[in-house]
Engineer: 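Let me give you the structure first, and then I'll get to my questions.
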Amino acid sequence: MKSNSASKIVLYWHRTDLRLHDSPALTAALSLKPTTFIPIWTWDPHYVYRSRVGPNRWNFLLESQQALSNSYNNLNPNQKLWVIREAPQTVLPKLWERWGVTHLVFEKDTDSYARARDEEVIRLAEKAGVEVIVKMGRNLFDPDEIVSKNGGKPTMSISQVEKAAEKIGDGNPERPLNSPAANDIPDPLPLEKMDLKGIQQDKVDDQAKMDVNSGHRVGKDNQYIDIMGPNHDFGVPTLEEIGIDPSNIHTPHHGGESVALDLLNGYIKDEEYIGLFEKPNTSPAAFEPQSTTLLSPHLHFGTLSVRKFWWDVKDVMENRKKAKKPNASIPTNIPGQLLFRDMYFAAQAAIGEAFSRTYGNPIVRFIDWHLQTKTPEEIAHGKSEDKSYDVDSAEAEEWFLRWKEGRTGFPWIDALMRQLKTEGWIHHLGRHSVACFLTRGGCYVSWERGAEVFEEMLIDHETACNIGNWMWLSCTAFYAQFYRCYSPISFGKKWDPEGNLIRRYCPELAKFDKKYIYEPWRAPIADQRKWGCRVTGDKSETTTEDGQVYPKPMFDFDERRTASLDGMKEAYHVGLHGDDKQVKDGTWRKAFGIDDGGQRPQKKQKTKQ
DNA sequence: CCCGCGTTGGGGCC
DNA sequence: GGCCCCAACGCGGG
């Protein structure tokens, strides 16, 4: 829809890149020398209603969008981030028709929904004569290229990623690009031409009815009352507009490109921290300050370029090397951590849609977990109000819900889960603790249940990394040493013998002596009274005349560890994977001796056979 | 076929 | 703090 052949009206579609620095796509867009430049965000009902997003991540997203909008406005007072409330697949054709768009530019996204969405958009653009430019900028290396250099197979180890990266270049990503300067950002159309008055907004009622985030909405959902937003100004949505109560936001972690760059610059000045960083030596119990960089949410929203992170760190390490100072090495150092992120992205890129679940996924080992995700067939034959997972054990579902809410009765687990809920972030090793506990090292509940909770609560939730790490921890892919089990007592104690993390996030236990802080149920009743908290029942945050109450442990951990280990051994012996016929049609139960009534066989043997 | 290793275990011993 | 063993997976190299 070219309004005149000389003008270049460039629509820049922000998605995974809420930044101006080191953006290959933005650089490509501006190098077209546009006569008109319109940076937009499409407020997609798929993300709004179908992805699990809790209050802290909404907040982080809105802060990042507002920061980007302000940055555009600082460079060009006529500019901002133009937020349009409709699905991209339906609204983009309306925009390029109305605005006379000649070019559409965006950053490549290899997530499975994103791929399908982008293919659809590209098809529509070609039909309308709009030129599309797509550039990779979200990863160190293009995940598709890594896959092709890995023989077309998903990357299952860091060494495979390193080998593939060395075939692309010298193993390093490209150097970061500069941010645009003030006169690099052209004007949008005049305001009266930007106005979308009269454009019919596609309805989202059906999607809104299936809103997986309805539990977080306290107010009215005003997200789609106007295609330009409630003030008809394309403004960044507010929490109120989404129906989120701002007083529910208690996270200390905030979004925005300058927040990310300030954080990074602070670490870069500390060359010892950068050079000697080894992930397994950073404490999961540290808070204020945390022991790791907290830059993962910025990588997720693209407020920080991963290539800038890589090269700023590499340059520090190179200088240390020249000065004969030691550096940590891959995979535990910072570049190694970033390679893990690319490993999961490339694994996801190779597998596609099935990557995020067990059903149909060739890389995932099948375990006879409790609370399995139902197969598409089981869901089709079920009632509409049924859960998406099979409640094969009411007890296991209770364990799962207590885990999610942070009232398992194991303070280390509960502190971490409460930190996750209030702040949207916990340390990587904390994630290991709670993930092992839910799956192979305690509850024997499907990793998919845990992944859904993390998807909702983490501000840094990245599908590829979240799913990949849950597979890792549940020993269903990437990692197989299931006999290495995290103890909810010893592991925390090793890092935090005083129990400071527990005192912080389980304040009812704050006065307990460190002798009992990890096992408060062992404290004598007289001491429990003295320290103002009785360990009883299964509820937390309940007060009695005696003071506060903390739950008793929901099971005997040693018993559950043994039972889970036995289960893992048997499941490995059975040897099914997500794409096996028996997994797809439900007959896997036979291989595990589960009868038609869903009854599991009596396990007589102990761990030793 | 064996061996050593794999980002991040626990427990006992010295 | 370091070392070994526990019981034992999958992979890649020799």
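The sequence lines fix the lettering, A, B, ..., with proteins before strands; numbering per chain opens at 1. Because the structure is predicted, anything quoted here is derived from the model rather than measured.
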Engineer: Rounded to whole angstroms, how far apart are CG on Asn281(A) and P on dG1(C)?
Structural biologist: 11 Å

Engineer: For Lys314(A), enumerate each residue passing the salt bridge (charged side-chain N to carboxylate O under 4.0 Å, His left out) test, keeping only those at least two apart in sequence or located in another chain.
Structural biologist: none

Engineer: Figure out the CD/C1' separation between Glu570(A) and dA8(C), and round it to whole Å.
Structural biologist: 17 Å

Engineer: Suppose we screen for side-chain contact (heavy atoms from CB on, under 4.5 Å). Which residues come up paired with Asp556(A), at least two apart in sequence or across chains?
Structural biologist: Asp558(A), Glu559(A)

Engineer: Between atom CG in Leu565(A) and atom C1' in dC9(C), what is the gap in whole Å?
Structural biologist: 12 Å

Engineer: Please list, chain by chain and in numerical order, all residues satisfying side-chain contact (heavy atoms from CB on, under 4.5 Å) with Tyr483(A), sequence neighbours excluded.
Structural biologist: Gln481(A), Leu565(A)

Engineer: Please state how far atom CD in Gln160(A) lies from atom C1' in dC11(C), giving the value in whole angstrom units.
Structural biologist: 9 Å

Engineer: Please list, in numerical order, the residues of residues 485-493 of chain A that have a heavy atom closer than 4.0 Å to any atom of DNA chain B.
Structural biologist: Cys485(A), Tyr486(A), Ser487(A), Ser490(A), Phe491(A)

Engineer: May I ask you to verify if any side-chain N or O of Lys569(A) is less than 4.0 angstrom from the OP1 or OP2 atom of dA8(C)?
Structural biologist: yes

Engineer: Distances for protein N/O vs nucleotides 4-6 of chain B N/O pairs under 3.5 angstrom?
Structural biologist:
unit_1 : atom_1 : unit_2    : atom_2 : d
dG6(B) : N1     : Gln481(A) : OE1    : 3.4
dG6(B) : N3     : Gln481(A) : OE1    : 3.4

Engineer: Expressed in whole Å, how much space separates the P atoms belonging to dC1(B) and dA7(C)?
Structural biologist: 25 Å

Engineer: Glu462(A): what forms a salt bridge (charged side-chain N to carboxylate O under 4.0 Å, His left out) with it, not counting sequence neighbours?
Structural biologist: Arg138(A), Arg341(A)

Engineer: Among the candidates dT7(B), dT8(B), dG10(B), find the nucleotide nearest to the side-chain atoms of Tyr479(A).
Structural biologist: dT8(B)

Engineer: Extract the stems that DNA chain C is part of, considering only consecutive pairing runs of at least three Watson-Crick or G-U wobble pairs, both distances under 3.5 Å.
Structural biologist: B:1-6 with C:9-14, B:9-14 with C:1-6

Engineer: Would you mind reading off the distance between Met343(A) atom CE and dC11(C) atom P, rounded to a whole angstrom?
Structural biologist: 14 Å

Engineer: Can you tell me which residue pairs pass the salt bridge (Lys or Arg N to Asp or Glu O under 4.0 Å) test with a partner in residues 427-448 of chain A, sequence neighbours excluded?
Structural biologist: Arg431(A)-Asp460(A)

Engineer: Could you pull out all residues at least two apart from Glu271(A) that satisfy salt bridge (charged side-chain N to carboxylate O under 4.0 Å, His left out)?
Structural biologist: Arg320(A), Lys325(A)

Engineer: Could you work out the separation of dT7(B) and dG1(C) based on their P atoms and round it to a whole Å?
Structural biologist: 24 Å

Engineer: On a whole-Å scale, what distance lies between the P atoms belonging to dG12(C) and dA8(C)?
Structural biologist: 23 Å

Engineer: Given atom CZ of Arg560(A) and atom P of dG10(B), what is their separation to the nearest angstrom?
Structural biologist: 18 Å

Engineer: Tell me: CZ of Phe277(A) to C1' of dT7(B), nearest whole Å?
Structural biologist: 11 Å

Engineer: By the 4.0 Å heavy-atom rule, please label Tyr572(A) as base, sugar-phosphate, or nothing.
Structural biologist: sugar-phosphate

Engineer: Are Asp22(A) and Arg307(A) close enough for a salt bridge, meaning some N to O gap below 4.0 Å?
Structural biologist: yes

Engineer: Who pairs with Asp270(A) by salt bridge (charged side-chain N to carboxylate O under 4.0 Å, His left out), at least two apart in sequence or on another chain?
Structural biologist: none

Engineer: Using centres under 5.5 Å plus planes under 30 degrees as the test, is Phe482(A) stacked with dC9(C)?
Structural biologist: no

Engineer: Can you name the side-chain contact (heavy atoms from CB on, under 4.5 Å) partners of Lys279(A), sequence neighbours left out?
Structural biologist: Phe277(A), Thr282(A), Thr292(A), Gln337(A), His428(A)

Engineer: Looking at Trp399(A), Trp521(A), Tyr486(A), Trp403(A), which one forms a ring pair (Phe, Tyr, Trp, His ring centres under 6.0 Å) with Phe410(A)?
Structural biologist: Trp521(A)

Engineer: Suppose you measure atom P in dC5(C) against the same atom in dC3(B); what distance do you get, rounded to whole Å?
Structural biologist: 15 Å

Engineer: Kindly state each residue pair satisfying side-chain hydrogen bond (donor to acceptor under 3.5 Å, both in side chains) with at least one member in residues 146-160 of chain A, sequence neighbours excluded.
Structural biologist: Ser157(A)-Ser159(A)

Engineer: Rounded off to whole Å, could you give me the CG-to-P distance for the Leu473(A) and dC9(C) pair?
Structural biologist: 19 Å

Engineer: Using a strict threshold of under 4.0 Å (side-chain N to carboxylate O), is an ion pair present between Asp392(A) and Arg589(A)?
Structural biologist: no

Engineer: Looking at the base of dT7(B), is there any donor atom on it, or on the side chain of Glu278(A), that sits under 3.5 Å from an acceptor on the other one?
Structural biologist: no

